[in-house]
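Because the structure is predicted, anything quoted here is derived from the model rather than measured.
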Amino acid sequence: MITYRAALAVPRELVHHLSTLLAAERRRLGARKGSRALTCFAQAVMGLRWFRDRTDRAALGRDHGISRATAYRYIDEVIDVLADQEPLS
């Protein structure tokens, strides 16, 4: 197996903004600091990889060193956090 690093073609400010939204959601839910498998920044990168490239969720989990189930849950959380930003009509 060959491992490599890749670049994600999104602005760093976007990743930072999403990670800030995820941190606020974790605080709202009462998640203890350090209790999650990924940092907010890493979760934001994973979520943006899914949106940008439609990378398979299981592959994302492997890439980030988390289980498939956790990858699914984390991407769903990213979707929910972003959906909450949509203004209601």
Side-chain angles (χ1 to χ4, degrees):
M1 179 183 306
I2 298 171
T3 60
Y4 66 94
R5 291 190 167 261
L8 181 61
V10 297
R12 187 169 187 84
E13 295 80 15
L14 176 60
V15 180
H16 179 71
H17 180 68
L18 179 53
S19 66
T20 301
L21 294 173
L22 289 166
E25 177 66 6
R26 288 181 184 189
R27 281 191 303 276
R28 188 187 71 75
L29 295 173
R32 292 184 322 270
K33 191 170 187 151
S35 64
R36 296 289 194 99
L38 295 179
T39 64
C40 293
F41 190 86
Q43 184 179 356
V45 168
M46 186 177 72
L48 291 171
R49 283 183 63 201
W50 183 78
F51 275 110
R52 177 90 168 127
D53 300 328
R54 285 292 195 232
T55 305
D56 179 67
R57 291 180 185 209
L60 287 171
R62 282 191 308 273
D63 291 350
H64 289 270
I66 59 176
S67 72
R68 179 180 178 171
T70 301
Y72 270 79
R73 195 171 64 250
Y74 279 15
I75 291 169
D76 287 345
E77 187 175 40
V78 167
I79 293 167
D80 291 343
V81 165
L82 289 173
D84 288 344
Q85 301 305 302
E86 178 66 28
L88 300 174
S89 17

(message) Run the side chain to side chain contact (heavy atoms under 4.5 Å, CB included) test against Arg68 and tell me which residues pass, sequence neighbours left out.
(response) Ala58, Tyr72
(request) Just jot down the side-chain hydrogen bond (donor to acceptor under 3.5 Å, both in side chains) partners of Thr39, sequence neighbours excluded, or say none. (result) none
(request) Return the set of residues passing side-chain hydrogen bond (donor to acceptor under 3.5 Å, both in side chains) with Arg28 (not counting sequence neighbours), or none when no residue passes. (result) Glu25
Name each donor-acceptor pair under 3.5 Å that joins a side chain in residues 15-24 to protein atoms two or more places apart or in another chain, with its distance.
from: Ser19; atom 1: OG; to: Val15; atom 2: O; distance (Å): 3.3
from: Ser19; atom 1: OG; to: His16; atom 2: O; distance (Å): 2.8
from: Thr20; atom 1: OG1; to: His16; atom 2: O; distance (Å): 2.9

(request) Can you tell me which residue pairs pass the side-chain hydrogen bond (donor to acceptor under 3.5 Å, both in side chains) test with a partner in residues 50-61, sequence neighbours excluded? (result) Arg57-Asp76
(request) Using a 4.5 Å cut-off on heavy atoms from C-beta on, say whether the side chain of Ile75 contacts that of Phe51. (result)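 Counting from C-beta outward, Phe51 and Ile75 never come under 4.5 Å.
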Sequence neighbours excluded and cut-off under 3.5 Å, please list the side-chain donor-acceptor pairs for residues 40-48, or say none.
from: Gln43; atom 1: OE1; to: Arg26; atom 2: NH2; distance (Å): 2.6
from: Gln43; atom 1: NE2; to: Tyr74; atom 2: O; distance (Å): 3.1
from: Gln43; atom 1: NE2; to: Glu77; atom 2: OE1; distance (Å): 2.7

